[in-house]
Amino acid sequence: ARELLGSLERLQSELSAFASGVQGSVRVAASVSALAEQLPDDIARFAARYPAVRVAIDERVSSEIVRALREGSVDLGVLWDVGDLVGLQARPYRSDHLCVVVHPGHALAKRRRLRFEETLAHDAVGVAPGGMMETMLRRQAALLGRTLATRLQVSSLDASCRIVAAGLGLAILPREAIAPLAGATGLVMLPLADAWAERRFVVATRPEAQLSATARLLAEDLVRAAAA
């Protein structure tokens with residue numbers, strides 16, 4: 001049923017594009033980090049150029065984004081490139097850099113940069129339980145023969161910064177997403193020195209033949225915006 005409805009929607013979108021310019025709707029699912037960084041601005045610029053296109057955005061963890069793409073319940077996914085993307089088309093988007101966020105009075109606050117292993121002896125704040133970043137941090141800790149000392153779990157970057165500001169632990173967060181908040185609250189951001197601390201995001205879709213003209217246009221626009 002989803003396949004049939006999707007085909008009808010794509011046909012209607014293609015015909016509309018010929019009849020009265022680009023219009024239609026695109027459903028986007030994005031990770032917490034992508035939405036906290038530049039994706040909203042990129043979509044806003046697209047929406048300004050194509051006011052007849054309605055873009056619906058849903059925040060989900062990476063595993064849910066991949067499942068929604070395969071089921072056809074969303075058109076585009078913006079997520080970290082370490083997800084299971086077999087059978088999907090993935091185009092390079094933007095990147096960010098993980099850092100260790102600490103209270104100015106924290107024992108590590110005077111350091112210039114840190115390795116992940118050095119954070120494991122300290123209480124940590126976990127973000128987006130079940131998401132790719134939590135999974136990756138647990139895997140990296142396991143490779144070191146250690147476990148994460150997670151004291152609290154929260155679902156948003158803002159909440160994690162508030163907890164760090166209260167002195168309840170450190171957090172590993174994307175620098176690009178939390179720099180304004182960290183600056184406003186006086187938190188210290190220390191670069192994470194590990195090679196995997198640079199994360200790359202992709203715009204993922206089903207194969208191009210299964211996309212509407214509008215979804216294809218948005219995907220191409222996001223890739224161009226990131227390249228520029």
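Everything numeric in this text was worked out from a predicted model, so none of it was measured.
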Fill in the blank from the handout: Taken to the nearest 0.5 Å, the spacing of Leu170 CG from His103 NE2 works out to 13.0 Å
Practice task
Take Val202 and Val78 through the side chain to side chain contact (heavy atoms under 4.5 Å, CB included) test and state the conclusion after the steps.
Solution key: CA-CA 6 Å; Val202 294; Val78 182; over 6 Å; no
Practice task
Could you tell me whether the side chain of Leu181 reaches within less than 4.5 Å of the side chain of Asp158, counting heavy atoms only?
Solution key: yes
Handout entry: In one Ile/Leu/Val/Met/Phe/Trp/Tyr side-chain cluster, 4.5 Å: Ile65, Leu76
Key = no
Problem - Lys/Arg-Asp/Glu bridge criterion (N-O < 4.0 Å) met for Glu118, Arg111 - result: yes
Practice task
Inspect the surroundings of CZ in Arg112 and state if more than 12 heavy atoms from other residues, nucleotides or ligands are less than 6.0 Å away.
Solution key: no
Practice task
Might you work through the side chain to side chain contact (heavy atoms under 4.5 Å, CB included) test for Leu173 and Cys161, ending with a clear yes or no?
Solution key: CA-CA 9 Å; Leu173 303 171; Cys161 285; 3.9 Å; yes
Handout entry: Expected output: side-chain Glu134 to main-chain Val127 donor-acceptor under 3.5 Å
Key = no
Exercise for the section: Specify whether Phe116 and Trp196 have parallel, tilted or perpendicular ring planes, treating 30° as the upper limit for parallel and 60° as the lower limit for perpendicular. Expected result: perpendicular
Problem - Enclosure of Arg54 CZ (heavy-atom neighbours >12, cutoff 6.0 Å) - result: no
Exercise for the section: Rounded to the nearest 0.5 Å, what's the gap from CZ on Arg206 to CD on Glu71? Could you check? Expected result: 9.5 Å
Problem - Asp84: salt bridge (Lys or Arg N to Asp or Glu O under 4.0 Å) partners, not counting sequence neighbours - result: Arg70
Handout entry: Nearest heavy atoms of Leu108 and Leu190, plus distance in Å
Key = O-CD1, 3.3 Å
Problem - Reported CG-to-CD1 distance for the pair Asp123 and Ile163, which is rounded to 0.5 angstrom - result: 12.0 Å
Practice task
Would you check if Met133 and Leu98 make a side-chain contact, meaning some heavy-atom pair closer than 4.5 Å?
Solution key: yes
Exercise for the section: Return the minimal non-hydrogen interatomic distance between Ala204 and Leu79, and the atom names on each side. Expected result: CB-CD2, 3.9 Å
Problem - Exam field: side chain Asp75 to backbone Arg27, donor-acceptor pair closer than 3.5 Å - result: yes
Fill in the blank from the handout: Here the gap from Leu39 atom CG to Ser33 atom OG, rounded to the nearest 0.5 Å, amounts to 11.5 Å
Practice task
Please determine, by modelled atom types, if Asp42 and Tyr93 share a side-chain donor-acceptor pair under 3.5 angstrom.
Solution key: yes
Handout entry: salt bridge (Lys or Arg N to Asp or Glu O under 4.0 Å) against Arg175, all qualifying residues, sequence neighbours excluded
Key = none
Handout entry: Within 6.0 angstrom of Glu198 CD, more than 12 heavy atoms from elsewhere
Key = yes
Problem - Leu187 side, atom CG; Arg162 side, atom CZ - distance, nearest 0.5 Å - result: 11.5 Å
Practice task
For residues Val82 and Ser62, determine if any side-chain heavy atom of one lies less than 4.5 Å from a side-chain heavy atom of the other.
Solution key: no
Exercise for the section: Return each pair, listed once, that meets ring pair (Phe, Tyr, Trp, His ring centres under 6.0 Å) where at least one residue sits in residues 137-165; pairs must be two or more places apart or across chains. Expected result: none
Handout entry: Test applied, side-chain contact (heavy atoms from CB on, under 4.5 Å); reference residue, Cys99; option that passes from Leu114, Ile178, Ile172
Key = Ile178
Exercise for the section: Report the C-alpha distance between Leu218 and Val203 in whole Å, list the side-chain angles of each, state the deciding distance to 0.1 Å, and finish with yes or no for side chain to side chain contact (heavy atoms under 4.5 Å, CB included). Expected result: CA-CA 10 Å; Leu218 176 57; Val203 176; over 6 Å; no
Problem - ILVMFWY cluster, Trp80 and Val66 together (side-chain gap under 4.5 Å) - result: no
Problem - Glu208/Arg91 ion pair, N-O < 4.0 Å - result: yes
Practice task
Starting from the C-alpha separation in whole Å, work towards a yes-or-no answer on side chain to side chain contact (heavy atoms under 4.5 Å, CB included) for Asp96 and Gln38.
Solution key: CA-CA 10 Å; Asp96 66 9; Gln38 293 170 298; over 6 Å; no
Exercise for the section: Examine Ile43 and Val74 and state if one hydrophobic cluster contains both, with Ile, Leu, Val, Met, Phe, Trp and Tyr joined whenever side-chain heavy atoms are less than 4.5 Å apart. Expected result: no
Practice task
Spell out, yes or no, whether Val28 and Val61 are grouped together once hydrophobic residues are joined by side-chain heavy atoms under 4.5 Å, including indirect joins.
Solution key: no
Exercise for the section: Would you indicate whether the side-chain heavy atoms of Arg94 and Glu176 approach each other to under 4.5 Å? Expected result: no
Completion exercise
Rounding to 0.5 Å, atoms CE (Met132) and OG (Ser31) come to a distance of 10.0 Å
Problem - Same apolar cluster (I L V M F W Y, side chains within < 4.5 Å links), Leu69/Ile57 - result: no
